[in-house]
Amino acid sequence: MPLHSEFDSISSLRNALRDRKISALEIAQSALEAAQGRSDLNAFLHIEPELTLAQARRADEALARNEAAPLAGIPIAHKDVFVTKGWRTTAASKILQNYVSPFDATVVSRLEEAGAVSIGKLNCDEFGMGSGNENSAFGPVRNPWHADVVPGGSSGGSAAAVAAGLVMASTGTDTGGSVRQPAALCGVSGIKPTYGTVSRFGIVAYGSSLDQAGPLARHARDLVELLDVISGFDPQDSTSLMMCDEAENEPGRIRLDFDAAVQRQEVVAGRPLEGLRIGVPREYFNEGLDNQIAQAIEEALKVFESLGAKRVDVSLPRTRLSIPAYYVIAPAEASSNLSRYDAVRYGYRTASYGDLEDMTSRSRAEGFGPEVIRRILVGTYVLCHGYYDAYYLQAQRVRRMVVNDFQQAFSEHCDLIIGPVTPKVGKLIGENRADPTADWLADVYTLGVSLAGLPAMSIPCGFTADQRPLPIGLQLIGNYFQEGQLLAVADRFQQVTDWHQRTPEQR
Ligand code: GLN
């Protein structure tokens with residue numbers, strides 16, 4: 001196991017680095033070795049030891065001068081949709097198989113400035129399209145808990161690398177569930193922040209009104225550290241949010257408010273969540289939900305109640321409608337975003353072609369995988385003159401209704417919402433090959449949050465009773481900008497449970 005796996009959290013590893021008990025270089029070397037040793041998982045797409053070791057040396061120099069940034073020497077890895085100078089960025093697509101970006105994504109440069117050491121680039125579904133990480137042009141990622149089971153997608157490499165202990169934390173993106181689903185299925189924690197909180201600059205675009213980056217790690221507390229670094233206004237992203245209402249704040253920073261949220265919870269000793277109203281949407285608990293997941297969530301709710309929280313019944317009536325709405329809007333945006341892959345400026349180009357049009361169409365037909373082509377066809381169709389009003393516009397209306405459902409729940413009934421992340425666990429790799437849209441239905445619990453742009457996270461809350469137990473995730477959904485509260489509540493849960501500390505090795 002890599003050296004960092006002896007440390008339980010980012011802060012304990014940071015202390016060891018600052019006390020010179022271990023160096024960033026030693027950490028990086030052992031993490032590289034571990035990542036290369038787990039090629040069976042197919043979690044990493046590109047490893048560039050020289051780049052990693054150079055980052056580690058810089059971290060050691062800063063540590064030696066006592067000028068280390070907060071994440072100096074912490075081993076992380078990026079989903080391969082974040083562009084990186086030096087490393088290839090493929091979005092797990094053949095069309096970008098040899099692409100090297102001339103610049104870094106904002107998330108990448110902020111983490112680098114914070115001293116984090118990147119071990120490599122992580123496999124994912126092609127352009128983020130999928131929920132099982134089976135749609136990568138470079139083969140599926142395997143779940144560290146069971147090699148035949150999907151790790152969840154699209155940030156499957158990000159979740160598998162953390163679950164297997166190869167890195168302390170990773171970056172992912174979530175367009176309709178892609179941080180939360182793999183976090184749930186690999187038994188780690190992951191957060192998708194409020195839309196606009198983290199810059200999309202340098203993230204290979206899928207659905208621009210939905211895409212949002214977020215970190216994955218074992219503990220909610222570690223997510224706080226990463227989110228703190230990557231969030232905040234970025235003039236290079238036109239939908240990046242600037243908070244200017246609070247004079248005392250550094251302009252342009254979203255205040256995570258984690259510490260304040262923790263302090264607010266200290267009012268009644270022993271019952272840190274006293275008075276917190278947790279909404280449980282009845283539409284999330286129906287026949288479609290696996291019994292073992294329902295039970296694990298029930299047990300988790302009891303833990304929250306023992307900490308003082310109160311459970312209230314809420315309704316999100318448009319839950320099911322979020323599926324057709326999302327699968328119109330996301331492909332529509334994708335069809336537009338993916339039009340840039342024309343084989344002229346960059347990316348894969350077919351070997352033989354006639355005229356310019358033939359070159360572009362052959363290159364796209366050969367370069368995109370079947371799921372991406374399906375999305376481009378759907379997206380182009382719903383944007384066509386004559387179908388636009390019937391599909392695209394209608395989907396946007398449903399999107400507004402989904403927003404209103406959440407706002408009604410938050411304004412009238414509850415402070416946060418709890419529910420499942422996925423309806424099932426244990427899906428085998430290749431199981432839905434004959435019916436690709438079956439996967440779309442399994443996004444039912446995550447899409448609404450994405451359509452509404454709300455923050456949500458997944459934390460481990462139990463295991464199946466199988467001979468080879470598989471992790472079960474719990475979804476926490478907050479109102480806009482309440483990621484601090486979400487993380488604080490998740491942290492309280494993790495102080496009294498140990499689901500997040502289990503590893504596939506000690507199972
Ligand atoms: N499963 C959804 C899709 O395929 C969400 C993926 C994501 O969040 N990137 O579009």
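Indexing begins at 1, ligand by ligand and atom by atom, following the structure's order. Remember, predicted model here, so these are calculated numbers, not experimental data. All values below were derived from every heavy atom in this structure, side-chain atoms included, with hydrogens, water molecules and symmetry-related copies excluded.
The aromatic ring centres of Phe201 and Phe103 sit less than 6.0 Å apart.
A search for side-chain hydrogen bond (donor to acceptor under 3.5 Å, both in side chains) contacts involving Thr89 returns Thr84, Lys121, not counting sequence neighbours. When the side-chain hydrogen bond (donor to acceptor under 3.5 Å, both in side chains) test is applied to Ser158, no partner is found at least two apart in sequence or on another chain.
Side-chain contact check for Lys79 and Ser154: at least one donor-acceptor pair (N or O, by modelled atom type) lies under 3.5 Å. Side chain to side chain, Thr239 and Tyr195 meet the donor-acceptor criterion of an N or O pair below 3.5 Å.
Pairs of residues two or more places apart, or lying in two chains, that qualify as ring pair (Phe, Tyr, Trp, His ring centres under 6.0 Å) and include a residue from residues 420-450 are Tyr284-Tyr445, Tyr327-Trp440.
The contact shell of ligand 1, taken as protein residues with any non-hydrogen atom closer than 4.0 angstrom, comprises Gly128, Met129, Gly130, Ser131, Ser154, Asp174, Thr175, Gly176, Gly177, Ser178, Tyr206, Tyr326, Tyr327, Arg375, Asp443.
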